[in-house]
Each structure stands twice: as C-alpha cells, then as structure tokens.
Amino acid sequence: MLTLKYITENTTDVITRLAKKNFDGASIIAHVVELDNLRKTTQVQVDTASAELNNLSKEIGLFLKQGKQDEAAQAKEKTVELKENIKILGDQQTAVEQKLNELLVQIPNLPHASVPAGKHAEDNLIERTGGSIPNLPTDAVPHWDLAKKYDLIDFELGVKISGAGFPVYKGKGARLQRALINFFLDNAMEAGYLEVQPPYVVNAASGYGTGQLPDKEGQMYHCTVDDLYLIPTAEVPVTNIYRDVILNENELPIKNTAYSACFRREAGSYGKDVRGLNRLHQFDKVEIVQIQHPDKSYETLDQMVNYVQTLVEKLELPWRILRLCGGDMSFTSALTFDFEVFSAAQERWLEVSSVSNFESYQANRLKCRFRTPDKKTQLVHTLNGSAMALPRIVAALLENNQTPEGIRIPKALIPYTGFDLID
RNA sequence: GGAGAGGUGCUCGAGUGGUUGAAGAGGCACGCCUGGAAAGCGUGUGUACCUCAAAAGGGUACCGAGAGUUCGAAUCUCUUCCUCUCCGCCA
C-alpha cells in the first residue's frame with residue numbers, strides 16, 4: 001500500500017495519478033488525510049496521559065519505599081481518572097488506525113508516468129514484437145485437438161479426478177512440461193537468480209504481504225481447517241521471505257527464482273477463452289523476483305523484460321511486449337509489461353508473462369526495508385515476472401510447430417525434452 | 001494426536017513486579033594504538049509512531065501475539081501461536 005506520509009504530503013498528485021488507473025480517489029484520500037490528523041492528535045493525547053501515569057507510578061514507588069503511605073494513597077487516587085482517560089483515548093486511537101488501514105488497502109498503487117492512459121486491454125501499447133508467425137496448413141488444429149491426437153494432455157481425466165481446469169499431462173506431454181520447467185530454471189540461474197523452492201500454501205499474513213488479501217480473497221483456494229491459502233503464484237511465498245526484514249544496502253539486488261504449481265479459482269471466468277490450456281485452475285510457472293534499491297528499480301525492470309524476451313526467442317515463438325495501460329494494470333503494480341505469444345491455430349495472442357515493478361507498494365505491506373548509509377531505514381522496491389507460465393507456452397508450441405510429420409520441438413529445448421518430435 | 005520444556009535485542013544469554021529499551025558476553029561500526037594488520041584499549045550499536053521549522057532533544061509503545069490483575073508487568077493470571085524433547089502415527 002501507499003505510505004501515509006506520501007499520501008498526506010502529495011494529496012493532489014496522488015489523486016491525479018490514481019485517475020489514470022480509473023480510480024476516483026478524491027473522497028477516499030480526503031478521508032485518509034482527515035483520519036491521519038485525528039490519529040496524530042489522539043496519539044498526542046494518549047502519549048501525554050501515559051507519560052503522566054508513568055511519572056505518577058514512579059512517584060508511588062518512591063513513596064512506598066520511603067514508607068510514605070498517605071502520599072502514595074493520594075497519588076493512587078489521581079491515577080484512576082488518568083487510567084480511564086487513557087483507556088478511552090487508546091481505544092479511539094486503535095479504531096482510527098484500523099479505519100485508516102482499511103482505507104489504505106483499498107487504494108491501488110500509483111501508475112508510473114510512462115503508463116499509457118486507457119481502460120481496456122485494447123488500450124495497451126505494443127512496445128516491440130519479434131519472431132515470425134508461421135503459415136500453418138489449412139488443416140491446422142488448435143492445441144486441444146493436438147493434445148488428444150498425440151495423447152499429450154487428458155482434460156477429461158482431470159475432470160474426473162478434480163474438476164475442469166486440472167488437466168492430466170501424459171507421456172511426451174508430461175515430459176515437455178518437465179523440460180520447460182528445467183529450461184526456465186536453468187536460464188534464470190545463468191542470469192544470476194538464486195533458485196528457491198517455496199511452500200505451496202501460505203498463511204494469511206503472507207497473502208496480505210503481497211496484496212492478494214484482502215483484495216483477491218475469492219481468487220485463492222482456501223484451506224479453512226488450517227487457515228492456509230494455496231498459492232496463486234510463487235511470487236507470494238518468495239516475496240514473503242523478505243517480510244519484516246531490514247536488509248543491508250549491499251545485499252541489493254536480491255534475485256530469486258522459483259518453480260511452483262499455481263492454483264487459481266478463476267471465479268467468474270467462463271466461456272471459450274478458457275478452452276484447453278488457456279485458463280486453468282492449476283498450472284506450472286517459473287517466477288523471477290527481485291528486491292532492488294529504489295533508485296535502480298526501473299533499470300532492473302528493463303533487464304527483467306529483456307531477460308524474458310530471450311526466453312521467447314529461444315523458444316522460437318512469435319512474441320510481442322505490451323506496456324499495460326492504467327485500466328489493465330493490476331492493483332499493486334506501478335508499471336507492467338505483458339508478454340504475449342501468438343497461437344497460430346487459435347489465431348490469437350496469449351499472455352504468457354507479466355513483468356512488473358511494484359515500487360514500494362508491496363514493500364510497505366511487507367515491511368521490507370534496507371539501511372541507508374546514514375543508518376536510516378527505507379522501503380525497498382519489489383519486482384517480479386513470470387519466466388514463464390507454462391500452459392500457454394505449451395499451447396503455442398504445439399500449434400505453431402505442427403507439421404504433417406508431427407510437432408517439432410525448438411532446438412533450445414531438445415536437450416531438455418530428450419526428443420525433437422512429438423509424433 | 002498425547003506428555004513435558006521453552007519463546008528476551010544482530011547472536012548467545014541474565015532478569016528479584018518499581019529510573020530495565022532491558023545486565024553480561026559475542027558480533028558489528030567508529031576512534032586510539034600500528035609502517036600495515038592482529039591483539040589491546042575506548043566509544044557506540046533496535047524498531048515504529050508522535051512532538052519540534054529542522055537538527056539536537058523530548059514523549060509513547062514494543063521482551064512470540066492478544067487480553068487481564070496492579071499505581072506500576074519482560075517478571076503474576078488467562079487465551080492463543082510457535083519451537084524443542086519424548087511417545088504415537090507416517091512419506
């Protein structure tokens with residue numbers, strides 16, 4: 001979330017910038033400022049009263065030590081009213097702080113100056129493109145047909161075991177999955193990321209830390225007996241490694257990568273967009289996460305985008321990079337680049353990666369800070385990106401590389417699959 | 001799941017209800033010493049919020065978390081979470 005300090009010191013600027021995200025912040029920001037003032041005056045009152053009580057208590061201690069029972073009793077009487085006062089004021093302060101926090105988590109991150117205005121996906125800017133769209137034969141079919149033809153993925157079997165959106169990968173389909181995971185992890189490692197294996201379920205504090213809670217409560221699977229959430233992305237556990245941590249400046253940047261299965265309820269999304277691998281409840285993804293100095297985070301964002309570009313290039317897929325418009329960006333992001341690959345048989349672009357700078361928005365919730373040379377603490381910037389999500393990559397690979405002989409595997413992947421053709 | 005022990009600062013570790021934000025040790029930082037280093041000596045070493053134009057200074061809160069008893073709680077009581085040991089179960 002945004003820091004109180006920033007909001008109260010840059011009120012009009014905050015409202016203007018939020019407008020780009022199509023968020024009307026005028027009234028909520030005014031409310032925040034008002035509550036913050038109340039918070040301060042209340043704290044002064046509580047602190048003053050508490051200080052008085054502390055002093056009285058010390059006096060009483062001294063009186064008793066000196067055997068001055070009467071003076072002690074007198075002082076005790078004085079504390080009664082003081083304590084009542086502190087209780088009332090303290091409750092008030094807690095209530096104000098709670099309300100303030102409730103409001104703060106409802107305010108999205110401010111978009112970066114370079115974010116284009118816009119409301120929908122159509123307003124996103126195409127940053128650059130690459131690769132070439134293959135000319136498929138007229139009898140080319142979408143990946144769900146190919147998956148069946150070569151017995152790679154069994155969607156119906158997944159329905160039987162779990163439900164829609166939980167496919168079963170088989171044979172070369174399963175090996176392709178495993179190959180892609182290793183390919184992505186090895187590349188990330190070579191790019192200097194430390195591989196970590198995080199838990200797949202997290203507690204509420206972690207969900208809150210990265211912003212899934214309370215905003216996207218309904219999108220996560222919730223194990224109510226133990227009050228744990230299945231992770232929608234490895235971003236959640238990996239970023240939360242740094243929750244409540246004060247780093248040394250020389251530890252920055254921190255670069256982590258992690259493979260995980262991802263679980264998403266995808267409540268409310270139905271229709272033809274969800275066919276085959278396009279939208280699943282469980283899928284595999286390799287994530288990259290960086291914790292960076294605020295001065296360098298945009299430089300790092302560019303590096304991460306360039307890195308993901310090398311992946312789609314190695315996989316020989318036609319790709320494009322979008323700079324997301326204000327309306328299409330996530331709640332917590334300041335600047336996001338999406339990667340899409342062209343799915344030749346479906347004849348549409350599929351989102352396969354999203355790389356974002358969250359600036360200090362997540363860090364503020366996480367309380368992840370670093371120590372500056374003058375020994376002060378400052379919030380870090382957090383960034384992450386998919387590198388990459390498997391299902392749509394698989395969809396594009398299958399569709400784009402279909403030939404009469406079978407499905408061709410891109411050269412870079414063959415050492416990982418151990419085969420060069422699916423037939 | 002059953003029984004027991006315990007959770008204190010960067011780490012280890014003391015702590016009797018009353019100047020304890022917290023002894024002591026280690027670590028770290030700075031300074032002195034040195035040609036340089038080690039050793040030695042000295043000094044310093046939490047976070048958040050508030051106050052102050054700012055700095056200095058001052059105040060409040062925090063000894064797993066929450067509530068309570070008390071004039072006063074790291075210290076007493078209750079709840080809860082977590083860790084460890086033993087037993088049980090088990091990949």
Side-chain angles (χ1 to χ4, degrees), chain A residues 1-9 32-105 197 199-209 213 222-229 237 240-252 254 261 360 362-380:
Chain A
M1 58 193 172
L2 300 175
T3 62
L4 251 184
K5 195 171 153 67
Y6 191 85
I7 293 176
T8 52
E9 286 174 3
V32 165
V33 172
E34 182 194 331
L35 281 174
D36 188 45
N37 287 328
L38 183 58
R39 176 185 69 90
K40 286 180 187 172
T41 55
T42 314
Q43 181 170 349
V44 172
Q45 291 174 309
V46 173
D47 285 2
T48 313
S50 301
E52 219 175 305
L53 181 64
N54 286 344
N55 285 330
L56 271 175
S57 297
K58 278 178 196 165
E59 274 179 36
I60 292 168
L62 281 177
F63 284 143
L64 290 177
K65 215 172 253 178
Q66 296 162 357
K68 298 179 179 170
Q69 300 294 338
D70 294 348
E71 283 89 336
Q74 229 169 10
K76 275 190 196 181
E77 271 175 44
K78 277 198 254 176
T79 64
V80 177
E81 195 187 346
L82 209 47
K83 279 174 72 179
E84 276 172 21
N85 220 353
I86 291 172
K87 173 100 176 82
I88 294 166
L89 288 167
D91 288 350
Q92 194 181 323
Q93 190 183 5
T94 314
V96 170
E97 279 169 2
Q98 256 173 23
K99 182 68 193 161
L100 206 43
N101 202 51
E102 265 171 46
L103 293 179
L104 285 176
V105 297
Q197 280 195 11
Y200 286 8
V201 292
V202 295
N203 55 30
S206 293
Y208 180 83
L213 296 175
H222 187 194
C223 312
T224 51
V225 180
D226 297 299
D227 196 21
L228 294 169
Y229 295 86
N240 271 283
I241 293 172
Y242 306 97
R243 172 154 50 86
D244 291 321
V245 165
I246 300 175
L247 298 158
N248 290 320
E249 194 172 355
N250 61 18
E251 291 177 81
L252 302 174
I254 286 171
S360 60
Q362 282 185 331
N364 190 32
R365 283 205 196 182
L366 291 162
K367 295 283 168 282
C368 179
R369 292 150 292 171
F370 70 99
R371 210 173 288 283
T372 59
D374 58 339
K375 309 254 180 180
K376 297 219 166 110
T377 61
Q378 192 182 336
L379 292 170
V380 298

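Chain naming here is simple, since letters A, B, ... match the order of the sequence lines and numbering starts at 1 in each. The figures here come from the full heavy-atom set of this structure, side chains too, leaving out hydrogens, waters and symmetry mates.
Across the P atoms, B/rG7 and B/rU60 are found 28 Å apart, a figure rounded to whole Å. Look at the C1' atom in both B/rG88 and B/rA3: the space between them is 11 Å, to the nearest Å. When the P atom is compared between B/rC84 and B/rU79, the two are found 23 Å apart, to the nearest whole Å. The P atoms of B/rC89 and B/rC76 are separated by 37 Å, rounded to the nearest whole Å. Taking the C1' atom of each, B/rU16 and B/rC12 are spaced 23 Å apart, rounded to whole Å.
A sub-4.0 Å separation between OP1 or OP2 of B/rA48 and a side-chain N or O of A/Thr377 is present. In this structure, A/Lys376 does not reach the B/rU47 phosphate: none of its side-chain N or O atoms is under 4.0 Å from OP1 or OP2. Contact check, A/Arg371 against B/rG46: no side-chain N or O comes under 4.0 Å of OP1 or OP2. Within the structure, every side-chain polar atom (N or O) of A/Arg39 is placed at least 4.0 Å from both OP1 and OP2 of B/rC49. An OP1 or OP2 oxygen of B/rA61 is reached within less than 4.0 angstrom by a side-chain nitrogen or oxygen of A/Asn54.
Rounded to whole Å, atom C1' of B/rA29 lies 13 Å from atom CG of A/Asn250. In this entry the distance linking CG of A/Leu56 with P of B/rU60 reads 12 Å, nearest Å.
For the 3.5 Å distance criterion, the side chains of A/Asn203 and A/Ser206 qualify, holding a donor opposite an acceptor.
Among the heavy atoms of the strands lying under 4.0 Å from A/Lys76 is at least one base atom, whether or not backbone atoms are also near. If you check every strand for non-hydrogen atoms under 4.0 Å, A/Leu64 touches a base. Within the nucleic acid shown, A/Ala51 comes within 4.0 Å of sugar-phosphate atoms alone, with no base atom in reach, counting heavy atoms only.
Taking the nucleotide of RNA chain B with the nearest heavy atom to each of A/Val44 and A/Asn55, the more 5' of the two is matched to A/Val44.
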